[in-house]
Amino acid sequence: MSRAFDDLGPYGGPRVSDAGPWPTEPESISPSVRSTPMPIAAIATALAADDAEERRQAAARLGRADVAEALPLLMRALGDPDWRVRKEATYACHRLIQASSPPAAEGERPAAPPAGAEGERPSAAQVLVGALLDALRTSDDVGLRNAAIEVLGYCGRDATPALVGALAELKGDERKLVLDALGRTRDPAALDALYAALAEKDDNLRQSAIEAIAGMGLIARERVTDILYERLGDRDRFVRLTALNGLNGLEAPVPWRVLSQLIDDPILRPAALVAAALAESPEAPRALVAALATARGGAFAQLVRALARLVEGPLASHAVDALRAAPQEVGARLVQAAAASPGAGAAEPPSWRGLGADPVSGRAQALVLAAMARAPGAADAAVQAMIEPALVETAQRALGLLGGEALPAVLAYLERHIDPDPDLWEGLDDATAALIDGAVAIAEQRGREGAPAQPPQPPQPPQPTADPTLDELLGAVRRSVKSPSTLVATSALYGLAKIGTADDFPLVVSQTRAISLPVARAAESALAGLSERYPESARALARRLMQAGETHLAAAIVIEALGTADQEEIAFLTGVASVGDVRARRAAVTAVAAAAGVSALEVLSLSLADEEREVRLAAARALGRLYASLSDRAGDERARARELLSLVRASGEPELVAAAAQGGAPFRSDPPWGEAGDRLSAPVSIDGGEGPVSTSGMSGGPPSGKVL
């Protein structure tokens, strides 16, 4: 599974996902040029032209010629002075090899079969191998030799026996080139010869061999892994580095007893740090954390990246323990790195520009580590990171890790930014709203852990919380309700639903009449939430709200949230459902269905014909819920609800049908709905059985004042 901290940098080595097809050809030459046959004589003439582009076009046509006839021209093109002509010639060789090879099984490279009986025509790969090896023996042309190695790699397993034989007879640089070609074949049979080359005295040969072996890890993983492990103790530093990078690319864990000997070497350190992130020993996180105190530049970035990966794996608890036990300067450096600016009297700030590190991901990783370490200043850094869109999710995670320790920093920010002047909110409302959400979540968590986020329910009046910080947070949330920012105001209202007290009822009720519809809907949801948490106060509040027309909406929301109603309240809801304003009628319809049960069928029947679409949708949704709650034994009531739903189904209004289905009306699984469906004037597609059906694109008022 991919993780957020899988960036291993430029020393990460090949990964399993890197195994792909042969290199694709450039688009600068039309496919028709490559596929159109051309006489060999004409190609030969074009390859002798002074214009490099003409020679390149001619080389492209060699891929459709006869290999035996085209071989001299291919060799000429592979040694052309212009690198583009040489590259086009290698593509032509590749096409010839593919054309003469049988189809390969999925995941395997195509390879030509071995030569058959005498007189059987050799494959293109076999013809090319002999000519290219002769070129390596006789030519000093660097361009030709490099092109020959590339094409020999294309030949795959057809080239392996000849290359192994050439390795025994050639000398000097030619042997190094042959080792390179053996690695490019990706033929597991080449591993024996490559491994034998590791015993050579020539360090250049040994280095070429280990590079070739590491590059074949995806083809023969087990054998290559064993060889690379063995070479971690090699006398040559470059061999050790290549072996370590190869193991990192295969994500093979290296024992800490081996890594601990490599991590102090400046050349090996980057790869060793990557390997430490894959290590399975508790010693690894302790050593990495200790190194954070003095590392600079790219080394610091590598350490942060390695630790960030460790905290996402099975050693997470050991990494967190190591971070919290580290000296204070380690946490300070992480905070400084997350903020991307030096603090007062701080040492040189860590660099995110070394070793290919991404500054944004590096800062995000440092911030999470600082929060895990409970470093002083981590909360302030997380709050500031909220302002940067690229770091918002990381900042929220950091605040969650810090818990109650982050509240003072959040409160300090809110005190500075909760202001009636809209100009002060520009560009900050997203961050402020997110901080309110995060702080409320922290307060809820503390309540679950034993420190109440609000006082126990009293009839009159509630007592202040035992925690002054939570009292301050509640005050900041209350002030944010009147914010000119819609985002901040809605976040504050949702927050009051979770940590508010009964004293917040008047404030929330007033916001149900807000000009901004999102704020008003959030206030409805908050009012329902407070009513569920403080039922005694809510019942008394509903009686007061019933007395004034402007608060009928709020009264209906409270009654619906309580779930029960006496006769006076039901009569109130029945009246509001027919004469109130649109939002009040919508709320009354859902409330009477929830509180009065089957006795609300008459109200729902009238509301289904309301002139306002929002009310009709609310009635259909409530009817669907009511029908779904009735048992088969409720004969008359169920029949009456079925009759109303038949009218909904036959109305020809797709949105009305969808609202009823969302409430729980099983239109397709209950036979009577089929007859009603025949009367539809427009087709409607509603999927579902006896359970509620979810529909997208629904509009209209939310039931019970809660935002959908």
Side-chain angles (χ1 to χ4, degrees), residues 368 371-372 374 378-380 382-383 385-386 392-415 417-418 429-458 461-481 483 487-505 507-508 511 518-519 521-538 557-558 561-562 704-708:
V368 170
M372 289 180 171
R374 308 277 187 190
D380 291 320
V383 169
M386 277 287 192
V392 168
E393 291 187 10
T394 301
Q396 289 175 325
R397 181 185 178 190
L399 291 174
L401 290 169
L402 290 166
E405 296 179 25
L407 287 180
V410 174
L411 288 170
Y413 174 93
L414 294 178
E415 288 295 331
H417 293 89
I418 298 174
D429 49 356
D430 285 344
T432 305
L435 282 170
I436 291 174
D437 293 340
V440 168
I442 291 172
E444 282 191 296
Q445 179 64 29
R446 294 184 70 173
R448 288 192 292 269
E449 291 173 352
Q454 73 281 325
Q457 165 66 34
Q463 300 297 317
T465 62
D467 190 334
T469 303
L470 294 180
D471 284 338
E472 291 181 37
L473 172 61
L474 187 54
V477 172
R478 287 167 176 163
R479 293 193 297 277
S480 300
V481 167
S483 167
L487 280 174
V488 174
T490 53
S491 287
L493 284 164
Y494 290 131
L496 282 183
K498 298 173 182 178
I499 65 171
T501 71
D503 282 344
D504 294 309
F505 275 121
L507 175 61
V508 174
Q511 290 302 101
V519 173
R521 291 290 174 83
E524 294 178 21
S525 181
L527 182 57
L530 284 174
S531 298
E532 292 171 357
R533 292 175 54 226
Y534 299 97
E536 295 183 15
S537 298
I557 292 171
V558 171
L562 292 173
S704 72
K706 296 180 181 179
V707 178
L708 292 175

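What you see is a predicted model, and the numbers here were worked out from it, not measured in a lab. Below, all heavy atoms of this structure are taken into account, side chains as well, without hydrogens, waters or symmetry copies.
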**Report entry** Pairwise distance NZ(Lys498) to CG(Leu493) - rounded to 0.5 angstrom
**Finding:** 12.0 Å
Query raised in the report: Can you name the nearest heavy-atom pair linking Leu470 to Ala443, along with the distance?
Result: CD2-CB, 3.8 Å
Report summary line: When Val519, Val488, Leu496, Thr490 are each screened for side chain to side chain contact (heavy atoms under 4.5 Å, CB included) with Val481, the one that passes is Leu496
**Report entry** Reported OG-to-CG distance for the pair Ser480 and Leu487, which is rounded to 0.5 angstrom
**Finding:** 12.5 Å
Report task. Mind checking side chain to side chain contact (heavy atoms under 4.5 Å, CB included) for Ala538 and listing every partner two or more places apart, or none if nothing turns up? Result -> Phe505, Ser531, Val558, Leu562
Query raised in the report: For the atom pair OG (Ser537) and CG (Asp503), what is the distance rounded to the nearest 0.5 Å?
Result: 8.5 Å
Query raised in the report: Are side-chain heavy atoms of Glu415 and Arg479 found at a separation under 4.5 Å?
Result: yes
**Report entry** Check: Tyr494 and Ile436 side chains under 4.5 Å, non-hydrogen atoms
**Finding:** no
**Report entry** Distance-minimising heavy-atom pair for Gly500 and Leu474
**Finding:** CA-CD1, 3.9 Å
Query raised in the report: For the residue pair Met386 and Ala431, what are the closest heavy atoms and their distance?
Result: O-CB, 3.4 Å
Report task. Taking all heavy atoms of Thr501 and all of Leu530, pick out the closest pair and write down the distance. Result -> O-CD2, 3.9 Å
**Report entry** Under the side chain to side chain contact (heavy atoms under 4.5 Å, CB included) test, residues paired with Thr394 that sit two or more places apart
**Finding:** Ala364, Leu367, Val368
Query raised in the report: Pairs in or reaching into residues 398-407: which pass salt bridge (charged side-chain N to carboxylate O under 4.0 Å, His left out), with residues at least two apart or in two chains?
Result: Arg374-Glu405
Report summary line: Ala406 meets the side chain to side chain contact (heavy atoms under 4.5 Å, CB included) criterion, sequence neighbours left out, with Ala379, Leu399, Leu402, Ile442
Requested in this report: Compare every heavy atom of Leu473 with every heavy atom of Leu411, then report the nearest pair and how far apart it is.
Outcome: CD2-CA, 3.3 Å
Report summary line: side chain to side chain donor-acceptor pair (under 3.5 Å) filter on Ser491, not counting sequence neighbours, yields Asp437
Query raised in the report: What are the two closest non-hydrogen atoms of Val440 and Gly495, and how far apart are they?
Result: CG2-CA, 3.8 Å
